[in-house]
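Input: a single structure, listed below in structure tokens.
Numbers here are sequence positions counted from 1.
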Amino acid sequence: MPSYKNRYHKISYNVVNSSSSNLNDILLLLHDNGQSSRIFDSELKYFSGYFKTITADLAGHGQSPDGTGASDNFWIYHAVTLCELLDKIKVKRTAVIGIGGGALVALNMAMINPGSVSSILAESIPGHEPDQEYLNSLVSYREKIKNTDLRSRYQSLNGSKWERILDEDTEMQKRFLDSGHSYFINELSKVNCPVLFAGCEPHEFVPQMEERTKTMIPMLRKSQVHMYRPASYPLFLSRNDEFRSMSLYFLMD
């Protein structure tokens, strides 16, 4: 995988050219904290039939080393890095599917460089600000990963370092909650592209997911919520056909 380095991070990324005749349709896929871009391997062939598709490993995940900004605002600094990456590879505008922390990054990208993001599908977003209830639930979920069949999924994403990546990210999120900082660089009203929140209720580690996402709706100019019951995280694996249809309908509208 090629890489891009700035003052915050060195991130690895991949570009899959589209089989579509419309070369202007571009899609960026952003994984959640604790995962890697390999989570999207099963979806690349499908989405590249409609979009030039880009994936990236966030700092400390997959093939990307730790970043100097990892102890500060992980989600804002990644948004800066990814906006710079898009400029480097001459991508003027992209749709984004972001999972969890990847959705937080996507919303920050839309505020840092508004013209670069055409629409955002945000799955399993933890809310608009960090809170202890979410962190406690995340910690419990990650302990469950280590003692159930879920460990094989995370091993496949990050190899032998998968457990260290989860532990280091958990510690980062604890420090971040203690700092009192916001997930976002600005008010969400500054996001001028359409946003679709998707999730499942109940969720494995986001308490009251539907309520959390609905509280964000009035903060955004153009947004909607789509909840799945029953389903599990991530949706594009548990409800694959429905997720693909929903994504295309929204992103290509």
Side-chain angles (χ1 to χ4, degrees), residues 1-18 25-48 51-110 112-113 116-117 120-124 142 145 151-173 176 234 236-237:
M1 293 173 72
S3 63
Y4 172 74
K5 185 178 186 302
N6 68 359
R7 64 192 182 279
Y8 300 126
H9 306 118
K10 180 179 180 181
I11 59 171
S12 298
Y13 67 94
N14 187 42
V15 179
V16 180
N17 287 321
S18 176
D25 288 338
I26 300 173
L27 175 64
L28 173 63
L29 301 175
L30 296 177
H31 66 83
D32 198 355
N33 290 64
Q35 300 176 352
S36 77
S37 61
R38 293 195 62 185
I39 193 77
F40 296 113
D41 281 357
S42 64
E43 304 307 294
L44 285 178
K45 182 177 180 181
Y46 178 79
F47 282 113
S48 64
F51 305 92
K52 181 177 182 177
T53 306
I54 304 167
T55 61
D57 286 337
L58 303 182
H61 298 67
Q63 297 186 36
S64 296
D66 291 341
T68 58
S71 62
D72 295 302
N73 196 310
F74 185 94
W75 303 277
I76 291 177
Y77 286 175
H78 269 97
V80 172
T81 302
L82 286 163
C83 284
E84 292 179 4
L85 169 63
L86 293 179
D87 185 60
K88 176 198 171 185
I89 62 177
K90 297 180 170 32
V91 170
K92 294 182 178 179
R93 192 166 171 83
T94 184
V96 186
I97 295 177
I99 311 300
L104 298 176
V105 172
L107 288 165
N108 279 303
M109 290 176 67
I112 290 166
N113 188 355
S116 68
V117 179
I120 298 170
L121 197 166
E123 190 215 317
S124 296
R142 288 180 169 179
I145 289 171
R151 65 185 291 125
S152 61
R153 175 186 295 174
Y154 284 80
Q155 285 175 324
S156 71
L157 298 177
N158 283 305
S160 60
K161 61 180 182 178
W162 71 274
E163 194 166 352
R164 175 175 62 82
I165 286 172
L166 286 180
D167 290 342
E168 290 180 353
D169 185 79
T170 298
E171 291 306 309
M172 181 277 292
Q173 298 212 40
F176 185 75
F236 63 87
L237 295 181

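In this structure, Phe51 CZ and Tyr46 OH are separated by 9.0 Å, a value rounded to the nearest 0.5 Å. How far NZ of Lys161 is from CG of Asp167: 14.0 Å, rounded to the nearest 0.5 Å. How far CZ of Phe236 is from CD1 of Ile99: 5.0 Å, rounded to the nearest 0.5 Å. Rounded to the nearest 0.5 angstrom, Thr53 OG1 and Leu44 CG are separated by 6.5 Å. We find the NZ-CG distance between Lys88 and Asn6 to be 11.0 Å, quoted to the nearest 0.5 Å. In this structure, Tyr13 OH and Ile89 CD1 are separated by 5.5 Å, a value rounded to the nearest 0.5 Å.
Checked by atom type and distance alone, the side chain of Thr94 pairs as donor or acceptor with a backbone atom of Ile26 at under 3.5 Å. Side-chain N or O atoms of Ser64 include none that pairs as donor or acceptor with a backbone N or O of Gly62 at under 3.5 Å. With hydrogens and angles disregarded, no donor-acceptor distance shorter than 3.5 Å links the side chain of Asn113 to the backbone of Cys83. For Asn73 (side chain) and Ile76 (main-chain N/O), a donor-acceptor pair under 3.5 Å exists by modelled atom type. Looking only at distances, a side-chain donor or acceptor of Ser36 sits under 3.5 Å from a matching main-chain atom of Leu157. In this structure, the side chain of Asn108 does not engage the main chain of Ala79 through any donor-acceptor pair within 3.5 Å.
Side-chain contact between Glu123 and Ile97 is absent, with no heavy atoms from C-beta onward closer than 4.5 Å. Side-chain contact between Leu58 and Phe74 is present, with heavy atoms from C-beta onward closer than 4.5 Å. Put simply, the side chain of Trp162 reaches to within 4.5 Å of the side chain of Ile145, judged on heavy atoms. With a 4.5 Å cut-off on side-chain heavy atoms, His61 and Ile165 count as touching. Using a 4.5 Å heavy-atom cutoff, the side chains of Leu166 and Asn33 are not in contact. Contact check for Leu29 versus Leu27: side-chain heavy atoms found under the 4.5 Å cut-off. Contact check for Ile11 versus Leu85: side-chain heavy atoms found under the 4.5 Å cut-off. Using a 4.5 Å cut-off on side-chain heavy atoms (C-beta onward), Met109 and Leu86 make contact.
At a cut-off of 3.5 Å, with distance as the only test, a side-chain donor of Thr81 or His9 sits close to an acceptor on the other residue. If you check the side chains of Thr170 and Arg142, you find a donor sitting under 3.5 Å from an acceptor. Side-chain contact of Asp57 with Gln63: a donor-acceptor pair under 3.5 Å is absent, judged by distance alone.
Between Ile120 and Ala106 the shortest heavy-atom distance is CD1-O, 3.5 Å.
Tested against Leu82, the residues Asp87, Val96, Val105 include a single side chain to side chain contact (heavy atoms under 4.5 Å, CB included) partner, Val105.
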Step by step, work out the salt bridge (Lys or Arg N to Asp or Glu O under 4.0 Å) result for Arg164 and Glu168. CA-CA 6 Å; Arg164 175 175 62 82; Glu168 290 180 353; 3.3 Å; yes
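Residue Lys5 qualifies as open at atom NZ: its count of foreign heavy atoms under 6.0 Å is 12 or below.
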